Number of protein chains: 2
Amino acid sequence: MSRHDPELAGDRRLPLYQRLADELRREINAGRWKPGERAPSETWLAEHFEIAPGTARQAIAMLVDEGLLERFRGKGTFVRRPRFDHSLFRFFRFRDRSGENRMPEGRILHREVAPMPDHVAEALGLGADALGIAMSRLRLIGGEPVLAEEIWLPAGPFADFLEIPVGEVGPLLYPVYESACGQLVVSADEALRAEAAGPETARLLQIDAGAPVIVIDRLARGIGGAPLEWRRSRGRADQFHYTTEIR
Amino acid sequence: MSRHDPELAGDRRLPLYQRLADELRREINAGRWKPGERAPSETWLAEHFEIAPGTARQAIAMLVDEGLLERFRGKGTFVRRPRFDHSLFRFFRFRDRSGENRMPEGRILHREVAPMPDHVAEALGLGADALGIAMSRLRLIGGEPVLAEEIWLPAGPFADFLEIPVGEVGPLLYPVYESACGQLVVSADEALRAEAAGPETARLLQIDAGAPVIVIDRLARGIGGAPLEWRRSRGRADQFHYTTEIR
DNA sequence: CAGTGGTCTAGACCACTAA
DNA sequence: TAGTGGTCTAGACCACTGG
């Protein structure tokens, strides 16, 4: 946040709290405030922009609703670090015998550099002939396969990822992207479909070919919304569940 | 809302706005304020309960977030009337050639009074041998079947529904429940699954047996949360889609 | 202890709606 | 014009955290 411009940008006809919220969103999207870091207090914002504390509070509340910030009494306001493992359990029942949710282990079956298929290159915002890192990854619980994943990464920014032996990669990829390649995943779009299992999926998941499977396509994004990873996960339909309430 | 008790109920250690929100929620759930009706203004609430307008505002904002109320500047605060047709389009692509969403027509294939299966009686909170109205209903777009539905209603409260010829029931059932039986649906729980089409579903949806289908189980609730209708809808998996954003 | 966010007050002015 | 919600101000006191 600029130290020399205590003037809120944006259309002056917009409410102050809107313009402040936009300003805060810009700071986060630009990566000037990183996930886990502390954001300015409402008192500081109020003084800096010469607005009432209640107005600053309203802007912060917006970003808390959006999931960009979280607040802790006595500690401060922080940029939220997303938890992607939650999304798995929103769609699948991965329970052990005791009924507890279990994080599946990840086993990379194959990794190579190859030209991306057109639909992947397009999703990642790259040219039709871009090179990518392709992975086939199996996720298991207690040795049982539960998800089969195809993953594509842009070869350039993720070159260092190739130096890490596949056996040393743990159950989560995003922390490795961050530590090895400096690529921070902060949001993702997911699309759900259902289809009949093809022969390859059936073999990996140890089900009959033609049995229903759930397909989740995910585009993971970094700071500023830049696409970082394309991923297609397939899981057994009989482990899928999703519930909502409608009002 | 009682005219003689300007005292907010609930644990006095709870914030005022929480206790007021609970009070408002009670009025709505008890059906004393019906969907579409006007709720008291924040000024009235502030004076009646002897709190600051801002505090009343905060309570109202909670219920707006929950989808129970909606506010219109200059007009007032109203109890929200839910739109269930919207939920269909959240899960399925029902587009005509021009790409517009189309509300499917509903055709009741069969209607009878019969003892409920145990799982339906349990969901509706009735005894194991309760009588119900069973319906088989097909939903079509441009003559093409898109959803096959099994529906169960408790026989008692919905007795008058049997007097209406099935041919006179339009594309939406809930308005008929309201006008003919005085049963108002205000919320619902939905659970999504995927399975392989059985022979009956395959016939109704004109797909191959074994092809993947999406199953939506819905329990519709009336005022106060009382279960009113159990419904199981099956649709072709290739018309299913669902997207989310994760942060 | 100082600093933070959580709750609450008591007003102000505005834009919009309906009578 | 009176009543509504939308925005904004300028404080208060509290509970909690950290040094």
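Every chain is numbered from 1 and lettered A, B, ... according to where its sequence line falls, protein lines coming before strand lines. Keep in mind it's a predicted model, so treat the numbers as computed, not measured.
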Non-hydrogen atoms of A:A188 and A:R218 that approach each other most closely: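 Closest pair (atom of A:A188, atom of A:R218, distance): CB-CG, 3.9 Å.
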Residue whose closest nucleotide on DNA chain D lies nearer the 5' end, A:P53 versus A:K75: A:P53
Nearest-nucleotide pick for B:S41, side chain only, options being D:dG5, D:dC8, C:dA10: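 Nearest listed nucleotide: D:dG5.
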Does a side-chain N or O of [X] approach OP1 or OP2 of [N] to a distance below 4.0 Å, or not?
{"X": "A:T55", "N": "D:dT9", "result": "yes"}
{"X": "A:R57", "N": "C:dG5", "result": "no"}
{"X": "A:R71", "N": "C:dT4", "result": "no"}
{"X": "B:R73", "N": "D:dG6", "result": "no"}
{"X": "A:T77", "N": "C:dG5", "result": "yes"}
{"X": "B:Y17", "N": "C:dT7", "result": "yes"}

Polar side chain donor-acceptor pair, B:R247 to A:S187, under 3.5 angstrom: no
Round to a whole Å and report the spacing from [atom1] of [X] to [atom2] of [N].
{"X": "B:R12", "N": "C:dC8", "atom1": "CZ", "atom2": "C1'", "value": "17 Å"}
{"X": "A:L14", "N": "D:dC8", "atom1": "CG", "atom2": "P", "value": "10 Å"}
{"X": "A:L63", "N": "C:dG5", "atom1": "CG", "atom2": "P", "value": "13 Å"}
{"X": "B:F72", "N": "D:dT4", "atom1": "CZ", "atom2": "C1'", "value": "13 Å"}
{"X": "B:L16", "N": "D:dC14", "atom1": "CG", "atom2": "C1'", "value": "13 Å"}
{"X": "B:R19", "N": "C:dT7", "atom1": "CZ", "atom2": "C1'", "value": "12 Å"}
{"X": "B:L20", "N": "C:dT9", "atom1": "CG", "atom2": "C1'", "value": "15 Å"}
{"X": "A:M62", "N": "D:dG6", "atom1": "CE", "atom2": "P", "value": "14 Å"}

Under 4.0 Å between any heavy atoms, over every strand shown, what does [X] touch: base, sugar-phosphate, or nothing? Just pick one.
{"X": "B:I60", "result": "nothing"}
{"X": "A:R38", "result": "sugar-phosphate"}
{"X": "B:I51", "result": "sugar-phosphate"}

Between CD1 on residue A:I60 and CG on residue A:D65, distance to nearest 0.5 Å: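 Atom-to-atom, A:I60:CD1 and A:D65:CG are 12.5 Å apart.
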Rounded distance [0.5 Å steps], CZ in B:R232 versus CG in B:D217: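 Taking CZ in B:R232 and CG in B:D217, the distance rounds to 4.0 Å.
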Pair A:R19 + A:D22: basic N to acidic O under 4.0 Å: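 Salt bridge flag = no for A:D22 with A:R19.
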